[in-house]
Amino acid sequence: MPAELTTDVNRAAELLRAGGLVAFSTETVYGLGGNALNEQAVARIFAAKQRPWFDPLIVHLADAEDISTVVAEVPLQAKQLISTFWPGPLTLVLPRNPVIPDLVTAGLPNVAVRVPDHPLARELIRRSGVPIAAPSANPFGRISPTTAGHVLKYLASEIDLILDGGPCRIGVESTVLQIEPGTSPLLLRPGGLTREAIEAEIGPIRFPQGHGIESEPQTAPGRLLKHYAPRKKLILLSEEVSFPRTSTTGVLSLLPVSHPEKFGHVEILSASGDLSEATARFFGALRQLDECDAVQIIYARRFPPYGLGTALNDRLERAAR
Ligand code: TXA
Ligand code: MG
């Protein structure tokens, strides 16, 4: 039976407890949740997304105080970040508690954990009574969902229920930061919490140089070359090259473009160039362009290389491969 939309958090929590899969809203993107302590439920998540087993999942908690149920040890810097940024778009990669199944961490000694900043998500996790493993609720490698409708469209036959909490406030996935005592923290995925905000709290962190893509071991799905991708070809133009003016051109632009009628379809992310507004619209706009019949090729330009622009550039570069 295909999934249905609901706002009934009790029913959703009951389903999770029974080993079912529930997609739910968070402040970043929609997640595809299952009981992190139930290997069968976790296996169903991988199957529903067609996700390779070597890509570990993030475990979601209702409250920071529950962290010892998934993590063996919380280093000092992690404690500082937790007290400032949780609930919120920050995922910490920390030594795992042995109760977390290998399937969740892809056999790695660390587990990724976060507390989402969305009342419905936290209520769902709290009522389910277990930690919830949840990747973004999209088929593997494709555009992440920022509305319940997106989830319904792409995963309806694979899941049991979609808890509809409205459109996602931030619109890009959480920032993933690995913290190991003795080394400076390593940014594994730029996301909804900026590097600048993290460094203001705990000092310099390590950040992969350049796109940081080719040279790295693939310890994380966010580090895979092709990801967040539309079906159509996406081309990244440099500043001095103008968008080709044809009726089959799709344009993804931060700011308004001149003569929009000369393109197949134009998506403007923020009339004022505001990066928060642009981030909230980003994945939805990419989807619009992907689904627009007139468009054959999508063109985009990089965002300013700071703040949320870092996460958006990361997603664009992977989508363009
Ligand atoms: O905002 C988000 O993080 C969303 C919502 C639903 O919470 N979730 C999400 O999950 O984006 P997913 O599965 O699409 O991305 C998981 C990311 C990967 O980039 C991977 O780097 C990292 O989490 N990750 C998970 N477990 C890890 C581990 N044990 N070690 C290193 N990285 C890990
Ligand atoms: Mg994802």
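Each ligand, and each atom within it, is numbered from 1 in the order the structure gives.
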Taking non-hydrogen atoms only, is [X] closer than 4.0 angstrom to ligand 1 via side chain, backbone, both or neither?
{"X": "E27", "result": "neither"}
{"X": "D55", "result": "neither"}
{"X": "Q178", "result": "neither"}
{"X": "R189", "result": "side chain"}

Polar contact flag, side-chain donor to acceptor under 3.5 angstrom, [X]-[Y]:
{"X": "R127", "Y": "N10", "result": "yes"}
{"X": "S128", "Y": "R17", "result": "no"}
{"X": "S276", "Y": "T279", "result": "no"}

NZ/NE/NH1/NH2 to OD/OE distance under 4.0 Å, [X] and [Y]:
{"X": "R126", "Y": "D63", "result": "yes"}
{"X": "D117", "Y": "R169", "result": "yes"}
{"X": "R302", "Y": "E317", "result": "yes"}
{"X": "E291", "Y": "K153", "result": "yes"}
{"X": "R245", "Y": "E261", "result": "no"}
{"X": "D55", "Y": "K49", "result": "no"}

Can you list the atoms of ligand 1 that are under 4.0 Å from a heavy atom of [X]?
{"X": "N110", "answer": "29 (N)"}
{"X": "P135", "answer": "10 (O), 12 (P), 13 (O)"}
{"X": "G31", "answer": "6 (C)"}
{"X": "V93", "answer": "30 (N), 31 (C), 32 (N)"}
{"X": "R114", "answer": "1 (O), 2 (C), 3 (O), 5 (C), 7 (O)"}
{"X": "E173", "answer": "1 (O), 2 (C), 11 (O)"}
{"X": "H60", "answer": "5 (C), 6 (C), 7 (O)"}

(message) Does ligand 1 come near enough to T28 that some N or O of the ligand is less than 3.5 Å from an N or O of the residue?
(response) yes
(message) Tell me whether R51 has any N or O atom under 3.5 angstrom from an N or O of ligand 1.
(response) yes
Option whose closest heavy atom lies nearest to [atom], chosen from [options]:
{"atom": "atom 4 (C) of ligand 1", "options": "V104, T175, V29, L94", "result": "V29"}
{"atom": "atom 22 (C) of ligand 1", "options": "N138, L188, T91, V176", "result": "V176"}
{"atom": "atom 14 (O) of ligand 1", "options": "P109, S136, A133, A106", "result": "S136"}

(request) Using the test salt bridge (Lys or Arg N to Asp or Glu O under 4.0 Å), find all partners of E267 that sit at least two apart in sequence or belong to another chain. (result) none
(request) Could you please tell me which protein N, O or S atoms lie under 2.8 Å from the Mg ion (ligand 2)? (result) S136 OG
(message) Please tell me whether F282 and V172 are part of a single hydrophobic cluster in this structure, the criterion being side-chain heavy atoms less than 4.5 Å apart.
(response) yes
(request) Determine whether L16 and I45 fall in the same hydrophobic cluster, where Ile, Leu, Val, Met, Phe, Trp and Tyr are linked whenever their side-chain heavy atoms lie under 4.5 Å apart. (result) no
(message) Quick check: F140 with H227 (ring centres under 6.0 Å apart)?
(response) yes
(request) Taking the side chain as every heavy atom from C-beta outward, state whether T105 and N110 have any atom pair closer than 4.5 Å. (result) no
